[in-house]
Protein chains: 2
Amino acid sequence: MTKILVVDDDRVLADVIAFTLRREGYQILLSHDGETALQCWEQELPDIIVLDIGLPKIDGFEVCRHVRAHANTPIILLTVRDEEDDIIHGLDLGADDYITKPFSPRQLVARVRAVLRRASQSLNEPWQQVGNLRLDSSRRELSIDDARTFTLTSLENRLLGYLMLNANRVMTIDALIDHVWGPARGDRDMLRQLIHRLRSKIEPDPSNPIYIETVPGLGYGLIAEPDIDD
Amino acid sequence: MTKILVVDDDRVLADVIAFTLRREGYQILLSHDGETALQCWEQELPDIIVLDIGLPKIDGFEVCRHVRAHANTPIILLTVRDEEDDIIHGLDLGADDYITKPFSPRQLVARVRAVLRRASQSLNEPWQQVGNLRLDSSRRELSIDDARTFTLTSLENRLLGYLMLNANRVMTIDALIDHVWGPARGDRDMLRQLIHRLRSKIEPDPSNPIYIETVPGLGYGLIAEPDIDD
DNA sequence: TCAAGTTGTGACAAAGCTGTGACAGTTTGG
DNA sequence: CCAAACTGTCACAGCTTTGTCACAACTTGA
């Protein structure tokens with residue numbers, strides 16, 4: 001059974017979350033501060049963590065960083081709305097998604113499912129399809145519309161695979177760097193170059209990209225169904 | 001035209017479904033077992049799949065899992081009533097919605113529409129909506145009436161997000177400054193400029209603002225439902 | 001009425017970000 | 001072992017964003 005670690009110092013909210021997720025058939029582990037959360041994580045190795053940022057003592061960022069240093073356990077952050085910096089920081093640290101409080105049970109369940117699905121998808125299967133892009137990761141081949149096909153380099157393949165896995169979401173620069181080169185390698189210059197090379201390989205008009213969009217100051221995203229006339 | 005793949009081994013029911021959906025203007029692809037369904041999916045890449053769970057050989061869950069491993073094609077499951085486990089299992093595998101048999105044509109059409117709409121809005125994008133303004137903070141994009149869309153800068157996004165969060169309430173100048181620049185940064189000049197720039201970007205007539213109102217001596221507020229002739 | 005403060009507006013420059021080309025070191029494949 | 005491909009590094013131009021300032025119009029209160 002899928003185990004979910006829920007971490008929130010607001011006990012009422014934590015109970016609500018636990019109740020919601022239990023009803024969906026998940027097994028719930030509860031923590032109310034960062035320290036016990038880390039202990040619990042280490043002992044139980046849950047399949048996913050739902051993590052509030054504002055925790056006493058060890059805060060959510062610390063927990064996130066610590067977990068990411070040791071494993072890939074998916075993490076969903078709980079943040080207050082309009083704290084954009086928290087969200088970006090969290091995603092930079094490797095969180096997989098976030099939910100802004102207040103949220104509905106349905107939203108929560110949907111996110112948990114989506115993140116779990118992405119996590120399981122990332123492993124197995126050799127190819128994935130998004131819009132008219134089909135990426136064969138094992139052979140590093142990209143076909144567009146079953147017509148043109150390109151051979152990608154290893155880095156290009158990793159970047160595009162990650163973008164496709166998170167299609168239509170904007171990935172922060174640091175998150176991309178971490179996923180392509182691993183933590184604490186790679187820098188922004190390298191990512192810029194990589195994006196540039198990937199674009200000039202796959203975009204019909206590389207200076208007016210339709211697949212890979214830039215969100216200045218934030219990062220990049222893959223557009224699933226691009227308008228032709230963009 | 002929107003392509004729908006209908007998979008059901010009950011040929012009578014499959015035909016009824018196909019008929020119903022065709023009448024709504026959709027293009028229908030039919031399969032009666034899992035194997036041909038997967039073939040059909042891979043070749044045709046339909047926009048959505050209506051999938052019965054109880055299929056011979058490869059069952060609906062398998063089909064669902066296989067599709068999800070490669071793409072995000074929306075899936076609606078057909079289940080028999082009271083099989084809650086089936087539903088939960090299906091949703092865990094990434095199905096987008098479900099309908100319990102028996103169902104009416106109207107239900108089916110409504111679900112299909114709903115799922116397609118959600119999918120086109122790329123699922124659970126966390127945007128906030130106030131009146132006819134919709135702000136997607138993760139992209140820093142503002143759409144008005146689902147028609148025009150503007151790209152905002154980081155500061156503009158933070159300001160507008162805060163105003164929308166407190167729509168119809170007047171925010172004091174200092175509160176705004178604190179929320180946009182953080183405590184003890186920023187001054188009134190900067191806020192004045194920011195308001196000015198935001199207005200000239202989103203207001204139809206920037207010198208007669210209808211969205212962002214000025215309350216002299218106090219601050220600014222966002223008007224949720226502006227009169228056109230203001 | 002007048003003075004002080006507030007607001008809208010335009011101009012400008014500094015700082016930062018992004019796309020781009022070039023080049024060299026490294027890896028890969030034959 | 002060589003050539004080709006891949007990758008990291010750097011510089012630079014162009015653009016956007018942001019802070020700063022000046023000034024005119026307006027409001028307010030004594």
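In what follows, chains carry the letters A, B, and so on, assigned in the order in which the sequence lines appear, proteins first and then strands, with residues in each chain numbered from 1. Everything numeric in this text was worked out from a predicted model, so none of it was measured.
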_Value in whole Å for how far the P atom of D:dT18 lies from CZ of B:R185_ = 14 Å
*Grab the CZ-P distance between A:R188 and C:dG16 for me, whole Å please.*
13 Å
*Rounded to whole angstrom units, what separation is found between the CG atom of B:D189 and the C1' atom of C:dG10?*
14 Å
*Would one find a side-chain N or O of B:T153 under 4.0 angstrom from OP1 or OP2 of D:dT18?*
yes
*To the nearest angstrom, how far is B:N157 atom CG from D:dT16 atom P?*
18 Å
*asked:* I want to check one thing: is the phosphate of D:dG19, taken as OP1 and OP2, less than 4.0 Å away from some side-chain N or O of B:W181?
replied: yes
*Would you mind classifying the nucleic acid contact of A:L152 as base, sugar-phosphate or nothing, using non-hydrogen atoms under 4.0 angstrom?*
nothing
*Under 4.0 Å between any heavy atoms, over every strand shown, what does B:G186 touch: base, sugar-phosphate, or nothing? Just pick one.*
nothing
*Option from B:L159, B:T214, B:I173 for which side-chain contact (heavy atoms from CB on, under 4.5 Å) with B:I195 holds*: B:L159
_Separation between CD1 of A:I210 and CD1 of A:I223, rounded to the nearest 0.5 Å_ = 8.5 Å
*Between A:E141 and A:R134, is there a side-chain N and carboxylate O pair less than 4.0 Å apart?*
no
*Pull out every residue in residues 190-207 of chain B that has a heavy atom closer than 4.0 Å to any atom of DNA chain D, ordered by number, or say none.*
B:M190, B:R192, B:Q193, B:R197
*Looking at B:L194, B:V180, B:T151, which one forms a side-chain contact (heavy atoms from CB on, under 4.5 Å) with B:E156?*
B:L194
*Report yes if at least one side-chain N or O of A:Y220 is closer than 4.0 Å to OP1 or OP2 of C:dG19; otherwise report no.*
yes
